[in-house]
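Everything on this sheet refers to the single structure shown next.
When reading the values below, keep in mind they use all heavy atoms of this one structure, side chains included, and skip hydrogens, waters and symmetry mates. A quick note: this is a predicted structure, and the numbers were derived from the prediction, not measured. For ligands, and for the atoms within them, numbers begin at 1 and follow the listed sequence.
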Amino acid sequence: MPTMLTDVFRGHPIHLPHSHQPDFTSLRELPDSYTWTLKDDLLFAAAPSPPATGENIPLIDLNHPDAANQIGCACRTWGAFQIANHGVPLELLQGIEFLTGSLFRLPVQRKLKAARSETGVSGYGVARISSFFNKQMWSEGFTIAGSPLNDFRKLWPKQLHLNYCDIVEEYEEQMQKLASKLMWLALNSLGVTEDDIKWASVDDSDLNWAQSALQLNHYPVCPQPDRAMGLAAHTDSTLLTILYQNNTAGLQVFRDDLGWITVPPIPGSLVVNVGDLFHILTNGLFKSVLHRARVNQTRSRLSVAFLWGPQSDTKISPVPKLVSPVGSPLYRSVTWTEYLRTKAVHFNKALSMIRNHKEEE
Ligand SMILES: C=C1C[C@]23C[C@H]1CC[C@H]2[C@@]12CCC[C@@](C)(C(=O)O1)[C@H]2[C@@H]3C(=O)O
Ligand SMILES: O=C(O)CCC(=O)C(=O)O
Ligand SMILES: [Fe+2]
């Protein structure tokens, strides 16, 4: 039986800090457990804003005839870009934002009824990567893998949860099509076609080769944002992640030569991140982007990440065409399940764990 995303941590419980969620709204000062310093995250203060070059991830119009090349270029240099004219209806973006806001506005006791279990993927709780840090992150999250019906029923009695399930279903459907389209545009720019990848298809009426999870994030207003961390620096374990952010800035991407760059919210547009599996598939040509979320003193922030990858039992390895004729593949093959489990143990070292060792030098 193939494993499903929902089962990936069964038998691999992750011990998260107790979710004694503070009443974020009543705090005037940051508690010590939420105060980050350099030693809590080596990257915390990495390259404090360089001389402003104004450089940022590109905004790509999907209707532009050169969109594929622009996407390919962004995946190689930044590992991230924003997209306009993506075809996802504005009402649907507003719908998922409304759902996310109304979920996090529920009283904490209600949210905890749908708390994520130690071996589960779905539900309410702190970000999974929290287990790797001594300090707590200034955020709360809700993960959806598979149908949200069971969890939503606990959050919203009566009929309301059914409407919310419909929104999630519609959102995931649109995102799946978009993600597949983006993957093929990016691959085409490298000369890689359907013939080079056995497990995927370009036909968007058959997307069963892929699967996804939805991560809803809330970053409440914070009394001392400079010393707090919304979501610590990480790469996503996906092929691609499509992120919707509300109109409050907070997402930052890291570039070795520029440091942390804030990705400005552009109404109606979506942010796309290259994940670790896409990095592996392209033999490192596309960079999985290190990113994090900062918080704000006056405005709360919401984001919705659509985390997209292959079916759990699909072996992902570098496309032979992208491995130089004299070289060997940089990574050995992994399934998404294997990779998520490696990440659950080794976090930001996971990618190097599956890197092939140089045979001779
Ligand atoms: C399918 C996925 C991908 C997961 C794990 C599992 C469900 C939740 C995803 C996230 C969402 C928040 C950041 C991240 C780093 C985290 O802590 O949980 C992601 C992680 C990954 O991309 O590795
Ligand atoms: O909130 C954000 O902007 C980033 C969220 C994120 O990186 C994630 O959910 O994986
Ligand atoms: Fe992320």
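- Protein heavy atoms are absent from the 4.0 Å sphere centred on atom 20 (C) of ligand 1.
- In this structure, E169 places its CD atom where only 12 or fewer heavy-atom neighbours from other residues, nucleotides or ligands lie under 6.0 Å away.
- For K113, the NZ atom is loosely surrounded, since the number of other residues' heavy atoms within 6.0 Å does not exceed 12.
- Nearest protein heavy-atom neighbour of atom 5 (C) of ligand 2: N217 ND2, 3.5 Å.
- Between Q215 and ligand 1, a contact under 3.5 Å exists for no N or O pair.
- In terms of protein heavy atoms, atom 8 (C) of ligand 2 is closest to L231 CD2, 3.8 Å.
- Residue A127 places no N or O, backbone or side chain, under 3.5 Å from any N or O of ligand 1.
- Summary of contacts: the protein heavy atom closest to atom 2 (C) of ligand 1 is L340 CD2, 3.9 Å.
- The minimum distance between the Fe ion (ligand 3) and any N, O or S atom of H291 involves atom NE2.
- For the pair D196 (side chain) and T193 (backbone), a donor-acceptor distance under 3.5 Å is present.
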Step by step, would you call W308 with W209 a ring-ring contact (aromatic ring centres under 6.0 Å, His included)?
-> CA-CA 11 Å; W308 184 76; W209 51 272; 5.5 Å; yes

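- Between H234 and ligand 2, at least one N/O pair is under 3.5 Å apart.
- Y164 pairs in a ring-ring contact (aromatic ring centres under 6.0 Å, His included) with only one of the listed residues (F142, Y171, W156), which is W156.
- For atom 3 (O) of ligand 2, the nearest non-hydrogen atom from the set Q245, Q252, R301 belongs to R301.
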